[in-house]
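One structure is given below, encoded as structure tokens.
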Amino acid sequence: MSFPLVYHPCYSALELPERHRYPIGKYHALQQQLLSFGVPTEQFHQPAPLSEHELTLLHCPDYIQALCSGQLDAKAMRRIGFPWSKQLIQRSLTSIAGTRLCAELALQHGLALHLSGGYHHAFYDQGSGFCLFNDLAFAAKSMQQQGVKRLLIFDLDVHQGDGTALLLANEPDIITCSVHCDKNFPYHKQQSDWDLALPATISEQDYLAHVEQALSCLLNWYQPELVLYDAGVDCHQEDELGHLQLSTAALLQRDRLVLHSCRKRDIPVAAVIGGGYQRDLAALTQLHLQLFKAAFELEGSSIASKIET
């Protein structure tokens, strides 16, 4: 069997107000597309939700309790961007568990992909930007507890991973890198170990050159035992919340670059799909599929040829 995939049906099982900005259906659509290409159901691994207690590894107990019980104040919920519901809490606890499972499976198989994740705007005691809890930081700290000595979080979402940067600022063995658009959310940036704030006018070629240089330096200097890769597609030219101008082909080149760079150094990769905010769900799903195309190519699978660029 090829590399493991992590998915749970609850990822898209969230009722939101009409015209809500978050494309909640993309997770189900992505899984259905992969199944239609012939990916076997047994390749998908289903996470069990975290307990509230497990989250205290990373987040404030009072924040966890208030959010999970529906007692977080209205201003704090507006900062998150979702109306509170039991569904919201269930999918968040499950998705953060999914990224941890993805990291565990990557250590076993060399590569694993999560059909969710990338909630990098969540801080110790508050959520932000559609992020309740920070799955990348949680997975990194969880892997430390399981004996992984050094990790790299390589975040290519168009928005800076501000929550991840602050949460892990005092963790010298978890290296945080964010390559993002300079003039975009969040307004107040945090300091990652390695930040690349790129102008909206940057060319595809220069963007890819920056990504390659940053990744090469980080892998050579820090020699991580695991890379957590946020493959956000909101840097695409059609994204409604991003300002970069990457084509679909450039997204595929980017994902190939990351996966191949780690593979040739025998470094396991756990990838999450990250952000993407087109209202056209079919078009958005096609962008997220580029990560999977790159992964199937890496494994020499014929499924790669079924995914259009």
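Throughout, residue positions are numbered sequentially from 1 according to the sequence presented.
For Gln237, the CD atom counts as densely surrounded, since its 6.0 Å shell holds more than 12 non-hydrogen atoms of other residues, nucleotides or ligands. Residue Asp73 qualifies as enclosed at atom CG: its count of foreign heavy atoms under 6.0 Å is above 12.
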Can you give me every donor-acceptor pair (side chain of residues 195-205, partner residue at least two apart or in another chain, under 3.5 Å) with its distance?
residue, atom, partner, partner atom, Å
Asp195, OD1, Gln160, NE2, 3.2
Asp195, OD1, Ser192, OG, 2.9
Asp195, OD2, Ser192, N, 2.7
Ser203, OG, Asp206, N, 3.1
Ser203, OG, Asp206, OD2, 3.4
Glu204, OE2, Ser247, N, 2.7
Glu204, OE2, Ser247, OG, 2.6

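Going from atom CG of Leu113 over to atom CG of Leu34 covers 9.0 Å, rounded to the nearest 0.5 Å. Interatomic distance, CD1 of Ile175 versus CG of Leu168, reported as 10.0 Å (0.5 Å rounding). His210 contributes atom NE2, which lies 13.0 Å from atom CG of Leu156 (distance to the nearest 0.5 angstrom). Within the model, atoms CZ of Arg78 and OG of Ser128 stand 13.5 Å from one another, a figure rounded to the nearest 0.5 Å. Taking CG of Asp62 as the reference point, atom CG of Asp125 lies at 9.5 Å (rounded to 0.5 Å). Atom-to-atom distance recorded for Leu298:CG and Ser2:OG is 9.0 Å, nearest 0.5 angstrom.
In this structure, the side chains of Leu151 and Tyr222 stay at 4.5 Å or more apart for every pair of heavy atoms. For the pair Thr248/Val233, no side-chain contact is recorded, criterion being any heavy-atom separation below 4.5 Å from C-beta on. By the 4.5 Å heavy-atom criterion applied to side chains, Ile80 and Cys131 are not counted as neighbours. Side-chain contact between Ile267 and Gln223 is absent, with no heavy-atom pair separated by less than 4.5 Å. Within the 4.5 Å cutoff, the side chain of Leu132 has heavy atoms near those of the Ile89 side chain. Within the 4.5 Å cutoff, the side chain of Leu58 has no heavy atoms near those of the Tyr124 side chain.
Within the 3.5 Å criterion, the main-chain N or O of Asp239 finds no donor-acceptor partner in the side chain of Gln278. Using a distance-only test at 3.5 Å, with no hydrogens or angles considered, a donor-acceptor pair links the side chain of Arg254 to the main chain of Ala231. No side-chain donor-acceptor contact under 3.5 Å links Gln286 to the backbone of Ala282. Listed for the Gln71 side chain is no donor-acceptor partner under 3.5 Å among the backbone atoms of Gln65. At distances below 3.5 Å, not a single donor-acceptor pair connects side-chain atoms of Ser216 with backbone N or O atoms of Glu212.
Note on Tyr119: it clusters hydrophobically with Tyr7, by side-chain heavy-atom contacts below 4.5 Å among ILVMFWY residues. No single ILVMFWY cluster, assembled from side-chain heavy atoms under 4.5 Å apart, contains both Phe292 and Leu281. Taken together through direct or relayed side-chain contacts under 4.5 Å among Ile, Leu, Val, Met, Phe, Trp and Tyr, Val269 and Trp194 form part of one hydrophobic cluster. Leu166 and Ile153 are assigned to two separate hydrophobic clusters, defined by single-linkage of ILVMFWY side chains at heavy-atom distances under 4.5 Å. A chain of hydrophobic side-chain contacts below 4.5 Å, direct or via other Ile, Leu, Val, Met, Phe, Trp or Tyr residues, connects Leu259 to Val39.
When all heavy atoms of Asp162 and Gln190 are compared, the pair lying nearest together is O-CG, 3.4 Å. Scanning all heavy atoms of the two residues, the minimum distance from Val272 to Ser116 falls at CB-O, 3.2 Å. When all heavy atoms of Gly118 and Leu136 are compared, the pair lying nearest together is CA-CD1, 4.1 Å. Nearest heavy-atom pair across Gly129 and His121 is O-CD2, 3.7 Å. Pairing each heavy atom of Val258 with each of Leu215, the nearest pair is CA-CD2, 3.7 Å. Taking every heavy atom of both residues into account, Ser12 and Lys26 meet most closely at OG-N, 4.1 Å.
Sorted by first then second residue, the side-chain hydrogen bond (donor to acceptor under 3.5 Å, both in side chains) pairs that include residues 104-115, not counting sequence neighbours, are Tyr11-His114, Thr99-His114, Glu104-Gln146. Applying the ring-ring contact (aromatic ring centres under 6.0 Å, His included) test to residues at least two apart or on different chains, the pairs with a partner in residues 67-90 are His20-Phe82, Tyr22-Phe82, Phe82-Phe130.
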Report the C-alpha distance between Arg279 and Glu238 in whole Å, list the side-chain angles of each, state the deciding distance to 0.1 Å, and finish with yes or no for salt bridge (Lys or Arg N to Asp or Glu O under 4.0 Å). CA-CA 10 Å; Arg279 292 192 187 275; Glu238 298 297 332; over 6 Å; no
Does the pair Glu240 and Arg21 meet the rule for a salt bridge (Lys or Arg N to Asp or Glu O under 4.0 Å), with working shown? CA-CA 10 Å; Glu240 295 164 31; Arg21 197 63 215 73; 2.6 Å; yes
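With respect to Glu299 and Arg263, a salt bridge is recorded, a charged nitrogen being found less than 4.0 Å from a carboxylate O. Contact check on Arg100 versus Glu54 returns a salt bridge, with a Lys/Arg side-chain nitrogen under 4.0 Å from an Asp/Glu carboxylate oxygen.
Between the side chains of Asp255 and Tyr229, at least one donor N or O lies within less than 3.5 Å of an accepting N or O. Counted by atom type alone, Thr164 and Asn134 present one or more donor-acceptor pairs between their side chains at under 3.5 Å. Using a 3.5 Å distance cut-off with no hydrogens or angles, the side chains of His8 and Ser95 do not pair a donor with an acceptor. Judged by distance alone, the side chains of Asp155 and His120 do bring a donor and an acceptor atom under 3.5 Å apart. The closest side-chain donor-acceptor pair between His53 and Ser51, if any, does not fall under 3.5 angstrom.
Partner of Glu171 under the salt bridge (Lys or Arg N to Asp or Glu O under 4.0 Å) criterion, chosen from Lys141, Arg150, Lys149: Lys141.
Checked against the 6.0 Å centroid criterion, the rings of Phe37 and Phe296 do not qualify as a close aromatic pair.
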